[in-house]
Amino acid sequence: MFEWAYDGINGSIPRNVGPECANYLSLKRRIIETLLISVFIISCIVWGLKHVTLPKKLAYVGEDRVGRRVLLIIMSLVLGMEIGFKFTSRTVIYLLNPCHITTMLQLYLLAADPSPTVTAIFRIHLNLLNGPVLAYLFPETESRIIFADKSMYYIQHGLMLVIPYYLLRIGGVYNVEPFSDMSWSILGFGLNAGYHFWVLQCVALPVQVNLSHMLCAAILDPFEGQNYRIWAVTHQSILCPTLSKLFSYGSNFFLTKFPPTRVKPSLECTIPKKNHTYEQSEKLHEDSNTSGNGHTHFD
């Protein structure tokens with residue numbers, strides 16, 4: 001019934017599709033493994049929801065940004081081309097891969113009006129940046145025959161790192177939790193892992209398509225073997241929060257401390273207007289006591 005969504009997938013690529021990949025793990029092991037990991041996932045989500053906090057007073061962005069509109073248009077075009085290529089090649093099922101979901105979240109963040117929901121989604125999505133980083137470190141473009149299709153792969157994943165940096169530059173509702181607060185990272189990882197085991201695995205098994213390597217290990221996976229998914233949960237539970245914190249810390253350094261790129265006194269405050277000098281904005285920031293709005297401190 002849904003063959004149009006996956007029958008164009010290249011079966012000549014090892015461990016990409018087919019019964020060999022689907023039978024990499026026995027059904028019994030998959031069920032037991034999924035149940036055990038689900039307990040861990042639910043624990044992360046419940047603990048995260050109990051401990052996450054949002055600023056009581058959000059700093060709203062007071063003006064429309066040309067850069068935000070430009071990024072919204074560019075990323076919309078890129079995602080539109082990706083969708084077009086997937087329909088043309090009859091590989092629509094790949095739109096379920098995590099990086100496409102993260103891209104959709106970023107489009108929402110670029111388009112939505114300021115609200116607590118925007119802040120929550122922004123903080124969660126920072127813990128999904130392992131996707132574009134791993135996409136560059138271990139590119140999987142063998143199934144992309146057309147040059148334009150391969151180009152979209154790199155452009156999309158590059159924009160996925162540019163957009164959160166730009167949103168942090170804007171500030172306001174696009175703010176992060178204190179560096180020592182791990183609640184958003186744990187919640188984000190729980191949602192990410194839950195999507196893999198509860199959604200991708202359930203879709204991948206019937207059609208035997210290796211979505212995000214949920215059916216079988218990649219050829220170059222150093223943890224290849226029967227325990228590869230347990231190892232994946234382990235190293236990703238370390239990598240995801242580490243990348244999120246490093247990204248926030250690096251953004252804080254370049255946006256608030258490094259003289260050539262410094263644009264504002266603190267990461268959570270709204271970027272100064274063009275007719276304000278940095279010193280004027282810093283004084284305004286201190287006078288209005290906005291440093292508590294996003295409770296973002298790295299000192």
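Both Leu161 and Val176 belong to a common hydrophobic cluster when Ile, Leu, Val, Met, Phe, Trp and Tyr are linked at side-chain heavy-atom distances under 4.5 angstrom. Note on Val78: it does not cluster hydrophobically with Ile73, by side-chain heavy-atom contacts below 4.5 Å among ILVMFWY residues.
By the 6.0 Å contact criterion, CH2 on Trp47 is enclosed, its count of non-hydrogen atoms from other residues, nucleotides or ligands being greater than 12. Around atom CD1 of Ile83, more than 12 heavy atoms belonging to other residues, nucleotides or ligands sit under 6.0 Å away. Annotation: Glu142, atom CD; neighbour count of heavy atoms from other residues, nucleotides and ligands within 6.0 Å is above 12.
Among Leu105, Leu109, Val173, the single residue meeting the side chain to side chain contact (heavy atoms under 4.5 Å, CB included) criterion with Phe122 is Leu109.
For an aromatic pair to be called close, the ring centres must be under 6.0 Å apart, and Tyr228 with His213 fails this. Ring to ring, Tyr154 and Tyr136 are close: their centroids are under 6.0 angstrom apart.
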Q: Report the C-alpha separation of Gln201 and Thr34 in whole Å, then their side-chain angles, then the decisive distance to 0.1 Å, and conclude whether the side chain to side chain donor-acceptor pair (under 3.5 Å) test is met.
A: CA-CA 9 Å; Gln201 179 175 224; Thr34 300; 3.0 Å; yes
(Q) As a quick check of understanding, evaluate side-chain contact (heavy atoms from CB on, under 4.5 Å) for Phe189 and Val233, giving each step before the final call. (A) CA-CA 9 Å; Phe189 174 76; Val233 171; 4.0 Å; yes
**Q.** From CA spacing to verdict: side-chain contact (heavy atoms from CB on, under 4.5 Å), Tyr24, Glu224
**A.** CA-CA 11 Å; Tyr24 187 84; Glu224 178 183 7; 3.3 Å; yes
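When every heavy atom of Cys44 is checked against every heavy atom of Gly190, the shortest pair comes out as CB-CA, 4.0 Å. Across Met214 and Arg30, no two heavy atoms sit closer than the pair O-NH1, 3.2 Å. When every heavy atom of Thr261 is checked against every heavy atom of Phe254, the shortest pair comes out as OG1-O, 2.5 Å. Minimum heavy-atom separation, Phe247 to Leu168: CE2-CD1, 4.0 Å. Of all non-hydrogen atoms in Leu239 and Asn130, the two that sit nearest each other are CD2-CB, 4.1 Å. Closest approach of Leu215 to Asn210, counting heavy atoms only: N-OD1, 2.9 Å.
Looking at heavy atoms from C-beta onward, Thr102 lies in side-chain contact with His125 at the 4.5 angstrom threshold. Between Asn175 and Arg123 there is a side-chain heavy-atom pair separated by less than 4.5 Å. Contact of the Ser183 side chain with the Glu177 side chain is not registered, since no non-hydrogen atoms from C-beta on lie closer than 4.5 Å.
Ser248 contributes a side-chain N or O that, together with a main-chain N or O of Ser244, makes up a donor-acceptor pair within less than 3.5 Å. In this structure a side-chain-to-backbone donor-acceptor pair under 3.5 Å is present from Lys264 to Leu267.
Side-chain contact check for Thr103 and Gln156: at least one donor-acceptor pair (N or O, by modelled atom type) lies under 3.5 Å. For the residue pair His196 / Gln236, no side-chain donor-acceptor distance below 3.5 Å is found, with atom types taken as modelled.
Within the structure, the salt bridge (Lys or Arg N to Asp or Glu O under 4.0 Å) test picks out the following pairs touching residues 33-48 (sequence neighbours left out): Arg29-Glu33, Glu33-Arg229.
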